[in-house]
Amino acid sequence: MSTPFDEAAGIDAMTRLFRAHLELCRVSPGETVAILTEGGQFAARVRAYEAAVRALGAEPRHVDFRPPGGATEPAARLGNVGRSGLGADRGAMATLKASDLVIDMMLLLFSQEQLEIQQAGARIVLVVEPFETLARLFPTEDLRRRVEAAERRLARAGTLRFTNAAGTDVTYDIADQPILTEYGYADQPGRWDHWPGGFLATTARPRGVNGRVVLAAGDLLYPLMRVVGEPIGITIRDGMIVDIAGGAEAGALREYIERYDDPRAYAISHIGWGLNERCEWDATLPGIGMDGRAYYGNVLFSTGPDTELGGTNDTACHLDIPMRNCTLTLDGEPIVAAGRVMPADMRAFGR
Ligand code: FE2
């Protein structure tokens, strides 16, 4: 692996990239951009963002949240989503809600605070990946176009089914359910996105997932940052995991979920597929694993909370499980066939 990017020495390079990203977010003169950090983390990025925001004639506002119990790294927060204590800091919340855009470097995913900021009309982009990853997976308007084509197709569908050679066969009743798109930037009031991105997701109606998901060797388990080595069979009834079967790895997964001591941790969460052709299938890459989540032609299966998609389950146990070589259909029409994206309007150039 090459030497990691030196952020303290690379502020000019970061400023250039952040400015290009703020332009995609359509930051305009006179707007305010809040830069949210926790416990003084990402100090060099904050300086770069401040310079990039000013270069566009907008006003930066750094909000550094200091939790009484000490700061959490974004990667650690992914193992315990939605609980930061930020809501108790009224000054910070007021600044964030009054901003036009919030750059979230503390990871408010699945939190009440994030929903409140969105409802106040601010757009939010989560930015916590290593600089190299942000640069390599810099969002494009083409990616947005293809994700939005997928969104239109998903919005029309009533049933999502996916299968794989390992024995998966599971059906989601998705009629009229909310859809979350992630293409890496936010230019509309109240929109949340994540840089880098490149996928979309929906959830099933209550009790609307049934069947069996069999994780195959090579599939990825986030936030555990683990590669599946042997089949793990997950039986789902009425939207809940009722059994996890297999060898030692199935046992480890069972124990991981049990540790949360929360029956809602067994709920099935979002489902969708990846469309970012620049993502790599490599669990050893530094960062929180957006490469796997947005990988072109994956199926992203997940468990736990659904507050990001309008639900009420706010369990802290969230698993994102990118799976390869799956076939996913919407009302019987193949969207992904053995890992290949089928509809022309979702396909990346040359794929
Ligand atoms: Fe997720």
Side-chain angles (χ1 to χ4, degrees), residues 154 157 159-174 199-205 207-260 263-275 279 281-283 289 291-306 315 317-342:
L154 193 53
T159 302
L160 181 155
R161 178 181 176 207
F162 83 94
T163 58
N164 70 2
T168 297
D169 191 349
V170 63
T171 300
Y172 290 64
D173 173 8
I174 58 164
F199 67 94
L200 78 170
T202 189
T203 52
R205 297 161 77 97
R207 305 167 62 86
V209 191
N210 283 283
R212 192 168 148 81
V213 171
V214 184
L215 310 182
D219 289 343
L220 306 177
L221 270 173
Y222 294 127
L224 288 71
M225 308 305 280
R226 219 176 274 157
V227 182
V228 174
E230 60 186 16
I232 302 174
I234 300 170
T235 305
I236 300 160
R237 201 170 300 142
D238 297 335
M240 301 294 289
I241 297 174
V242 293
D243 185 52
I244 300 177
E249 293 187 24
L253 183 59
R254 265 198 311 268
E255 281 163 25
Y256 179 82
I257 300 175
E258 273 166 15
R259 273 205 294 277
Y260 287 83
R264 300 169 313 153
Y266 294 88
I268 301 305
S269 181
H270 56 83
I271 185 71
W273 62 95
L275 289 168
C279 288
W281 196 267
D282 181 355
D291 275 273
R293 288 181 179 87
Y295 186 82
Y296 189 78
N298 77 5
V299 166
L300 179 59
F301 166 69
S302 86
T303 66
D306 61 6
T315 179
C317 178
H318 181 46
L319 290 170
D320 275 332
I321 307 178
M323 299 172 64
R324 277 190 308 186
N325 305 319
C326 294
T327 292
L328 182 147
T329 62
L330 293 176
D331 296 335
E333 180 189 340
I335 303 297
V336 179
R340 287 198 60 208
V341 177
M342 301 306 284

M240 and P263 have their tightest heavy-atom pair at CE-O, 3.4 Å
State, to 0.1 Å, how close S302 and H318 come at their nearest heavy-atom pair, and which atoms those are.
-> OG-CE1, 3.8 Å
Would a 4.5 Å heavy-atom cut-off, applied to side chains only, mark L300 and Y295 as touching?
-> no
Which atom of G292 lies closest to which atom of P322, heavy atoms considered = O-CB, 3.3 Å
Roughly how far, to the nearest 0.5 Å, is the CG atom of D219 from the CH2 atom of W281?
-> 5.5 Å
Only one of L160, V336, T159 clears side-chain contact (heavy atoms from CB on, under 4.5 Å) with L330; which?
-> L160
In sequence, state the C-alpha distance, the side-chain angles, and the governing distance for I232 and I244, and then conclude on side chain to side chain contact (heavy atoms under 4.5 Å, CB included).
-> CA-CA 7 Å; I232 302 174; I244 300 177; 3.8 Å; yes
Counting distance only, does the side-chain N/O of N164 pair as donor-acceptor with the main-chain N or O of V214 below 3.5 Å?
-> yes
OG1-CG distance between T163 and L328, expressed to the nearest 0.5 angstrom = 8.5 Å
With rounding to the nearest 0.5 Å, note down the distance linking OG in S269 to CG in L319.
-> 10.0 Å
Can you tell me how far the CG atom of D320 sits from the NE2 atom of H270, to the nearest 0.5 Å?
-> 4.0 Å
Are any of the side-chain nitrogens in D169 or R161 under 4.0 Å away from the carboxylate oxygens of its partner?
-> yes
With no hydrogens and no angle check, is any side-chain donor or acceptor of E249 less than 3.5 Å from a backbone partner on G229?
-> yes
Does any N or O in the side chain of N298 come within less than 3.5 Å of the main-chain N or O of G274, such that one atom is a donor and the other an acceptor?
-> yes
Qualifying residue for side-chain contact (heavy atoms from CB on, under 4.5 Å) with Y172, from T203, N210, I268 | I268
What's the verdict on side chain to side chain contact (heavy atoms under 4.5 Å, CB included) for F301 and F162, showing C-alpha distance, side-chain angles and the deciding distance?
-> CA-CA 10 Å; F301 166 69; F162 83 94; 4.2 Å; yes
Between M323 and V213, does a side chain to side chain contact (heavy atoms under 4.5 Å, CB included) hold up when you go through it step by step?
-> CA-CA 10 Å; M323 299 172 64; V213 171; 3.8 Å; yes
Please report the C-alpha distance between I234 and V170 in whole Å, then the side-chain angles of each, then the deciding distance to 0.1 Å, and finally whether the side chain to side chain contact (heavy atoms under 4.5 Å, CB included) criterion is met.
-> CA-CA 10 Å; I234 300 170; V170 63; over 6 Å; no
In short, A283 meets L220 closest at the heavy-atom pair CB-CD2, 3.9 Å
Rounded distance [0.5 Å steps], OH in Y266 versus CZ in R254 = 9.5 Å
Do you know the tightest heavy-atom contact between A204 and V209?
-> CB-CG2, 3.4 Å
Straight-line distance of L200 CG to I271 CD1, nearest 0.5 Å | 10.5 Å
For Y256 and P223, the nearest pair of non-hydrogen atoms, with its separation, is OH-CG, 3.8 Å
